[in-house]
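Here's the structure we're looking at; comments come further down.
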Protein chains: 2
Amino acid sequence: MTTPRGPGQRAGLSRDAVLGAARLLLAEDGLERLTMRAIADALGVAPNALYSHVASKSAMVDDLLDGVLAAVAAPSGDDPATSLREVMASTYDVLIAHADLVPVYLARQGSRGPNAQRLGVIMNDLLGRAGLEGTAVGEARRVLIVYAIGFAAFSTPGGTDPAAVGVEPARANFDRGLGWLVDGIIGAD
Amino acid sequence: MTTPRGPGQRAGLSRDAVLGAARLLLAEDGLERLTMRAIADALGVAPNALYSHVASKSAMVDDLLDGVLAAVAAPSGDDPATSLREVMASTYDVLIAHADLVPVYLARQGSRGPNAQRLGVIMNDLLGRAGLEGTAVGEARRVLIVYAIGFAAFSTPGGTDPAAVGVEPARANFDRGLGWLVDGIIGAD
DNA sequence: ACCTGAACACCGTTCAAGT
DNA sequence: ACCTGAACACCGTTCAAGT
């Protein structure tokens, strides 16, 4: 019922509005339905109007990925091993809450955005306080990140997981493997 | 220069020919260029001709995924822990050799094909011989599978890996984390 | 600067033919 | 049964406008 816009008439769009619509669409319809045209539709604009606010779909998805990581809680306690388990478990929970994004995350080998960097610094600090030095820090960090994202990818509720036949809930399983890794990392120093 | 075919004239296509062309295209041009139309082009047929031999692109990719796993070597020795490390390392190597497929693998939560099943049986046997029982078997299996595929996803040569800054080669890193996991799995029984 | 209309170069897939 | 031509319902993105 609204009067259609002609060329040059503002729609009140913004970068945040585009990202918000994208997040909503992703949560409701999943990754396959996340198209520039669907986002534009949800915002009531022409598809190409989005390109005034985001450089490309790929760049937009990158921002979506890093934005998710903002919800990862920084650990609070003193013990590095406990904190390490906490931050990885929080990462896992956040990823699980955005299951559709996880394969994309893997495909792009993680994020390089501000939130990913923040988590990297936190992990480096914890690993250092746990006694690791030099290349061992990056090595352990990679193992932990790989494990958290990899496990999240295999814990999405939708799919029937071949590796999960007759297995306890994924979260308990995740914690168990995480414990093995953290013990190995700290013991192996 | 070849005489163009009309409708009804055979092109000598087969299911294996289609899969072979798909594999070649994937190895040469990567996943993004793996389109039904490109495969048809490589085979010199119309795009829809492929649908006489494969049900859909998705089913074809599933077959591609499982086919890759045929190259995973079955372990030979007697010690279950060593065999476990061997079969996971072989899986990792095979996945690395097909880096483009790894994110797809994650997105589909593994394969349910014959090769994936064969590996599952091998792992169950090894874990059983290592002393695991009941739910612990599936649990440990999932952790190992997740770790191998997840690590492979983060080890593709192309991308700049944020978790890999100042880190030793991926294979040595993989072996190290794998050792922690196998030790934890067997020690935790 | 922000938006539209139209277009370009693609996709996977289906359907009605032809042999 | 196997293949083609044509078409359908999509994609992301660009370019030349208009205000």
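Quick note on labels: first sequence line is chain A, next is B, and so on, each numbered from 1. Just so you know, these numbers come straight off a predicted model, no measurement behind them. These numbers come from the heavy atoms of this one structure, side chains and all, not from hydrogens, waters or symmetry mates.
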Take atom P in dA9(C) and the same atom in dC10(D), then report the distance between them in whole Å. 22 Å
Would you check if there is a donor-acceptor pair between the side chains of Ser58(A) and Arg108(A) at a distance under 3.5 Å? yes
Arg10(B) vs dC3(D): side-chain N/O to OP1/OP2 distance below 4.0 Å: no
If you check the Met36(A) side chain, which of dT4(C), dC3(D), dT13(D) turns out closest? dT13(D)
When we call it a touch if two heavy atoms are under 4.0 Å apart, what does Ala11(B) touch: a base, just sugar-phosphate, or nothing? sugar-phosphate
Under a 4.0 Å threshold between the charged nitrogen and the carboxylate oxygen, would Asp66(A) count as salt-bridged to Arg112(A)? no
Just say parallel, tilted or perpendicular for the rings of Phe151(B) and Phe174(B), cut-offs at 30° and 60°. perpendicular
By nearest-nucleotide position on DNA chain C, the 5'-leaning member of Ser14(A) and Leu34(B) is Ser14(A)
Looking only at side-chain atoms of Pro7(A), point me to the closest of dC3(C), dT13(C), dT13(D). dC3(C)
Taking dC2(D), dT4(D), dT13(C) as options, the one with an atom nearest any side-chain atom of Arg5(B) is dT4(D)
Determine which nucleotide pairs with dC2(C), using a 3.5 Å limit on both distances of a Watson-Crick or G-U wobble pair. dG18(D)
Out of dG12(D), dC3(D), dT4(C), which has the shortest distance to the side chain of Arg37(A)? dG12(D)
As a quick check of understanding, evaluate side-chain contact (heavy atoms from CB on, under 4.5 Å) for Val104(A) and Leu65(A), giving each step before the final call. CA-CA 8 Å; Val104(A) 191; Leu65(A) 288 176; 4.3 Å; yes
Using a cut-off of 4.0 Å on non-hydrogen atoms, how would the nucleic acid contact of Thr35(B) be classed: base, sugar-phosphate, or nothing? sugar-phosphate
Which listed nucleotide (dT14(C), dC2(D), dT19(D)) is nearest to the side chain of Tyr51(B)? dT14(C)
As a test of reading the structure: which of dC2(D), dT4(D), dG12(C) is closest to the side chain of Lys57(B), going by heavy atoms? dG12(C)
